[in-house]
Amino acid sequence: MICRLCPRRCGAERTSEQGGGFCRMPAGIVVGRAMLHHWEEPVLSGTRGAGCIFFSGCNLGCVFCQNGKISHDNFGKGISSGRLRAVMEELIAQGAHCIDLVSPTQFTPWILEALEKPPGVPVVWNSGGYERVETLRSLEGKVQIYLPDLKYALARPARELSKAEDYFEAASAAIDEMVRQVGPYRIGGDGIMQSGVIIRHLVLPGQLENTRRVIDYVSAHFPRGTVLFSLMSQYTPQPGATGALARRLTHAEYRAAAEYLQSCGITDGFCQELSSAKEEYTPDFDLGGI
């Protein structure tokens, strides 16, 4: 296929034998792990866990990525759409509250084949937010919950840290499309999310101004009751990190971000504890569950 799935529209030729483009992935599906994950937002993990499927490759180049083994180093196993569907069913049989597709964008056409029939629990599209609206439209009716990052509102950190200067333009349009598709969030009587959008933002060391601008945008753009907002503290320095990214968030930085969130009136959502910045929250990508 000639790939234009993401905002890079790189036009790479992806075949079953050879990867291409920014994501470096072949045609088909490549997965690094499938598991019940208990560390997603409470409305997704519940008591039994979210059924997470971690896809390989990524259309962003985040220097701080905690899933670098699969997103940057191409680790993973190629599987068919039929096997992907079977993995979903196995996770549901284990008690998964939802099917959580992590970094799936580069495999959209083949994931759609696996979702031809509803799996019986909500499907979560868990992405970096760097999406094409046209690609998202193909998911309408197949995905009940969107879980995008909104990493940046400023172009400079988007360019320097993720190689995507147009990140905010693309992500803001994508999130609008997600909200159009699934509407205001709905949570069942059991506390589990049924549909809607959760916007995640990871606070980065030394990037408090970017965090403030993200919060400003969300608070001004979405009426209360439309989306959930998840402020995340789990940044963990990665090998080779330099400057502020070589350290963890300080208590003062994260307190300032949380206080700013509160001052802007965003009350629908979650504020992660600073203690979540631990390596053990990152899964072991060992092809388990595949």
> Considering only heavy atoms from C-beta outward, does the side chain of Arg255 approach that of Leu249 to under 4.5 Å?
Replying inline: no
> Would you say the ring centroid of Phe285 lies under 6.0 angstrom from that of Phe75?
Replying inline: no
> Just how far is it from atom NE2 of His38 to atom OG1 of Thr47, taken to the nearest 0.5 Å?
Replying inline: 9.0 Å
> Does any non-hydrogen side-chain atom of Thr250 lie less than 4.5 Å from one of Pro205?
Replying inline: no
> Do Glu177 and Arg132 sit within salt-bridge range, that is, some charged N less than 4.0 Å from a carboxylate O?
Replying inline: no
>> Rounded at 0.5 Å granularity, tell me how far OH in Tyr217 sits from SG in Cys264.
In response: 14.5 Å
> Got a donor-acceptor contact below 3.5 angstrom from the Gln181 side chain to the Leu136 backbone?
Replying inline: yes
> Which residues pass the salt bridge (Lys or Arg N to Asp or Glu O under 4.0 Å) test with Asp73, sequence neighbours left out?
Replying inline: none
> Under 4.5 Å between any side-chain heavy atoms of Ser162 and Cys62, yes or no?
Replying inline: yes
> Is the number of heavy atoms from other residues, nucleotides or ligands under 6.0 Å of Arg247 CZ greater than 12?
Replying inline: yes
>> side-chain contact (heavy atoms from CB on, under 4.5 Å), that's the test. Do Ile175 and Tyr146 meet it? Break it down for me.
In response: CA-CA 8 Å; Ile175 293 171; Tyr146 282 101; over 6 Å; no
>> Any side-chain to backbone donor/acceptor pair from His201 onto Leu150? Under 3.5 Å, distance only.
In response: yes
> Is there a path of hydrophobic side-chain contacts, each under 4.5 Å between heavy atoms of I, L, V, M, F, W or Y residues, that connects Val197 with Val133?
Replying inline: no
> With the threshold set at 4.0 Å, does a side-chain nitrogen-carboxylate oxygen contact exist between Arg137 and Glu140?
Replying inline: no
> Between Phe107 and Ile29, which heavy-atom pair has the shortest distance, and what is it?
Replying inline: CD2-CA, 3.8 Å
> Say you draw a straight line from CD1 of Ile266 to OG of Ser219; how long is it, rounded to the nearest 0.5 Å?
Replying inline: 5.0 Å
>> Looking only at side-chain N and O atoms, does Tyr130 offer a donor or acceptor that is under 3.5 Å from a partner on Asp149?
In response: no
> Do you know the tightest heavy-atom contact between Ser81 and Trp110?
Replying inline: OG-O, 2.8 Å
> Would Gln106 and Val30 count as a side-chain contact (heavy atoms from CB on, under 4.5 Å) if you check the C-alpha gap in whole Å, the side-chain angles of each, and the deciding distance to 0.1 Å?
Replying inline: CA-CA 10 Å; Gln106 57 274 16; Val30 185; over 6 Å; no
> Going by heavy atoms in the side chains, are Ser45 and Trp39 under 4.5 Å from each other?
Replying inline: no
> Are Trp125 and Ile53 linked, directly or through other ILVMFWY residues, by side chains that come within less than 4.5 angstrom of each other?
Replying inline: yes
> Okay, side chain of Ser71, backbone of Asn67: is any donor-acceptor separation there less than 3.5 Å?
Replying inline: yes
>> Given 3.5 Å as the limit, does a donor-acceptor pair link the side chain of Thr15 with the main chain of Glu17, or not?
In response: yes
>> With a 3.5 Å distance limit and no angle check, can you tell me whether Arg224 reaches the backbone of Asp268 through a side-chain donor-acceptor pair?
In response: no
>> Do Gln144 and Arg186 have side chains that approach each other closer than 4.5 Å (heavy atoms only, starting at C-beta)?
In response: no
> Can you check whether Phe55 reaches Ser127 side chain to side chain, under 4.5 Å on heavy atoms?
Replying inline: no
> With side chains defined as the heavy atoms from C-beta onward, is the minimum distance between Glu131 and Met178 less than 4.5 Å?
Replying inline: yes
> Closest approach of Gly32 and Ser56, non-hydrogen atoms and distance?
Replying inline: N-OG, 3.8 Å
> Can you tell me if Glu253 uses its side chain to pair, donor with acceptor, with the backbone of Gly206 under 3.5 Å?
Replying inline: yes
> Please walk me through it: do Ser230 and Gln272 pass side-chain contact (heavy atoms from CB on, under 4.5 Å)?
Replying inline: CA-CA 7 Å; Ser230 184; Gln272 198 175 40; over 6 Å; no
>> If you take the centroid of each ring, where Trp contributes its six-membered ring, are Phe222 and Phe229 closer together than 6.0 Å?
In response: no
> Taking atom CD of Glu13 as the centre, does the number of heavy atoms from other residues, nucleotides or ligands within less than 6.0 Å exceed 12?
Replying inline: no
>> Rounded at 0.5 Å granularity, tell me how far CG in Asn126 sits from CD in Glu40.
In response: 5.5 Å
>> Please give me the minimum heavy-atom distance between Phe54 and Pro283, naming the atom from each residue.
In response: CZ-CG, 3.5 Å
> With a 4.5 Å heavy-atom cut-off, do His37 and Val102 have their side chains touching?
Replying inline: no
> Does Gln18 CD have over 12 foreign heavy atoms under 6.0 Å away?
Replying inline: no
> If only atom types and distance count, is the side chain of Ser172 paired as donor or acceptor with the main-chain N or O of Glu169 below 3.5 Å?
Replying inline: yes
> Which value, rounded to the nearest 0.5 Å, describes the distance between Phe64 atom CZ and Leu161 atom CG?
Replying inline: 6.0 Å
> Of the non-hydrogen atoms in Leu44 and Cys98, which two are nearest, and what is the gap between them?
Replying inline: O-SG, 3.8 Å
> Without hydrogens or angle criteria, can the side chains of Thr211 and Tyr260 be said to hold a donor-acceptor pair below 3.5 Å?
Replying inline: no
> Run the salt bridge (charged side-chain N to carboxylate O under 4.0 Å, His left out) check on Glu89 and Lys117 step by step: do they pass?
Replying inline: CA-CA 12 Å; Glu89 292 172 353; Lys117 295 181 180 179; over 6 Å; no
> Where the side chain of Glu165 meets the backbone of Ala155, is there a donor-acceptor pair that is under 3.5 Å apart?
Replying inline: no
> Can you get from Tyr167 to Val63 by hopping between Ile, Leu, Val, Met, Phe, Trp and Tyr side chains that sit under 4.5 Å apart?
Replying inline: yes
> Out of curiosity, Arg159 CZ to Asp166 CG, how far, rounded to the nearest 0.5 Å?
Replying inline: 11.5 Å
>> Would Met88 and Leu101 count as a side-chain contact (heavy atoms from CB on, under 4.5 Å) here? Give the steps.
In response: CA-CA 10 Å; Met88 295 179 187; Leu101 306 174; 4.1 Å; yes
> Is there a donor-acceptor contact under 3.5 Å from the side chain of Thr236 to the main chain of Gln234?
Replying inline: yes
>> With clusters defined by side-chain heavy atoms of hydrophobic residues (ILVMFWY) lying less than 4.5 Å apart, directly or transitively, does Ile145 cluster with Val121?
In response: no
> Are the charged groups of Glu116 and Arg85 less than 4.0 angstrom apart, N to O?
Replying inline: no
> Should the pair Arg9-Glu134 be classified as a salt bridge under the 4.0 Å nitrogen-to-oxygen rule?
Replying inline: no
>> If you compare all heavy atoms of Leu115 against all heavy atoms of Val123, which two are closest, and at what distance to 0.1 Å?
In response: CD2-CG2, 3.9 Å
> What residues, two or more places apart in sequence or in another chain, satisfy salt bridge (Lys or Arg N to Asp or Glu O under 4.0 Å) together with Arg24?
Replying inline: none
> Can you tell me if Asn210 uses its side chain to pair, donor with acceptor, with the backbone of Lys151 under 3.5 Å?
Replying inline: yes
> If you count the non-hydrogen atoms of other residues, nucleotides and ligands that lie under 6.0 Å from NZ in Lys163, is the total more than 12?
Replying inline: no
> Does Ile111 share a hydrophobic cluster with Met1, counting links as ILVMFWY side-chain heavy atoms below 4.5 Å and allowing steps through other members?
Replying inline: yes
